[in-house]
Amino acid sequence: AQSVTQPDIHITVSEGASLELRCNYSYGATPYLFWYVQSPGQGLQLLLKYFSGDTLVQGIKGFEAEFKRSQSSFNLRKPSVHWSDAAEYFCAVGGMEYGNKLVFGAGTILRVKS
Amino acid sequence: DAGVTQSPTHLIKTRGQHVTLRCSPISGHKSVSWYQQVLGQGPQFIFQYYEKEERGRGNFPDRFSARQFPNYSSELNVNALLLGDSALYLCASSLPDDEKLFFGSGTQLSVL
């Protein structure tokens with residue numbers, strides 16, 4: 001069965017500092033991997049996705065993520081965080097045979113201090 | 001272009017009541033999925049509909065049902081509400097055979 005673990009419930013970084021949010025997944029075949037961001041009271045916005053090919057994927061708002069099959073990880077990174085990046089971030093896994101059924105992690109709340 | 005729209009935005013019900021949540025997908029999207037997000041957790045898959053047919057169902061009781069209309073809009077119905085049904089209910093739409101989901105802002109359901 002699919003599962004996603006986001007080990008960090010909260011992360012606080014200073015504005016301008018680099019960011020890495022961790023995501024580990026469990027999936028039997030080649031996964032489809034996603035990162036979504038959610039601001040308070042809002043729906044989820046897709047930051048980036050990995051289906052196949054280059055393991056380093058670029059997304060919106062300056063985010064990138066690297067797929068590492070050997071570590072079952074898909075960590076999200078940003079070189080310089082802006083105060084507007086404060087939100088909750090969700091990693092999700094899906095697969096071709098599961099259609100639109102995504103399994104989400106519990107989320108990581110990012111706080112940005114000035 | 002309008003995104004995924006959901007109504008109502010907020011809803012308060014009491015235990016045992018019934019609720020209907022509505023979703024309009026992005027124009028051209030024929031697939032609609034429903035997710036439940038309990039406070040402090042990630043979204044959980046409830047249903048997926050495509051061309052008015054149920055394509056997938058998550059681990060939810062039969063009190064939860066949904067349908068999709070010819071214009072691809074969708075309704076999620078929950079009967080005999082329990083306190084534990086209090087959550088943000090998210091609707092997402094997508095193009096056929098595309099796993100990229102576009103989410104609405106959700107309906108916040110409170111069951112008292």
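Lettering follows sequence order; numbering is per chain, from 1.
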Checking B:Gln6 against chain A: side chain, backbone, both or neither under 4.5 Å from a heavy atom?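 For B:Gln6, no heavy atom lies under 4.5 Å from chain A.
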
Side-chain heavy-atom pair A:Leu44, B:Tyr35 within 4.5 angstrom cut-off: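 Of all side-chain heavy-atom pairs linking B:Tyr35 with A:Leu44, none is under 4.5 Å.
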
Should we say atom [atom1] of [X] is surrounded by more than 12 heavy atoms from elsewhere, each under 6.0 Å from it?
X       : atom1 : value
A:Ile9  : CD1   : no
B:Arg15 : CZ    : no
B:Leu83 : CG    : yes
B:Asn71 : CG    : yes

Among B:Gly106, B:Pro43, B:Gly42, B:Gly56, residue most engaged with chain A (heavy-atom pairs, under 4.5 Å):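 Sorted descending by pairs with chain A, the first entry is B:Pro43.
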
[atom1]-[atom2] distance between [X] and [Y], expressed to the nearest 0.5 angstrom:
X        : Y        : atom1 : atom2 : answer
A:Phe34  : B:Leu101 : CZ    : CG    : 6.5 Å
B:Leu88  : A:Gln42  : CG    : CD    : 9.5 Å
A:Leu102 : B:Phe45  : CG    : CZ    : 9.0 Å

Restricting to non-hydrogen atoms, name the atom on A:Phe90 and the atom on B:Gln41 that form the minimum distance, rounded to 0.1 Å. CE2-O, 3.9 Å

Chain B contact via A:Gln38 - which portion, at a heavy-atom distance below 4.5 Å: side chain

Taking a hydrophobic cluster as the set of Ile, Leu, Val, Met, Phe, Trp and Tyr residues connected by side-chain heavy atoms closer than 4.5 Å, whether directly or through intermediates, do A:Ile109 and A:Trp35 fall within one such cluster? no

Grouping I, L, V, M, F, W and Y whenever their side-chain heavy atoms are under 4.5 Å apart, do A:Tyr89 and A:Tyr50 come out in a common cluster?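 Yes, A:Tyr89 and A:Tyr50 fall within the same hydrophobic cluster.
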
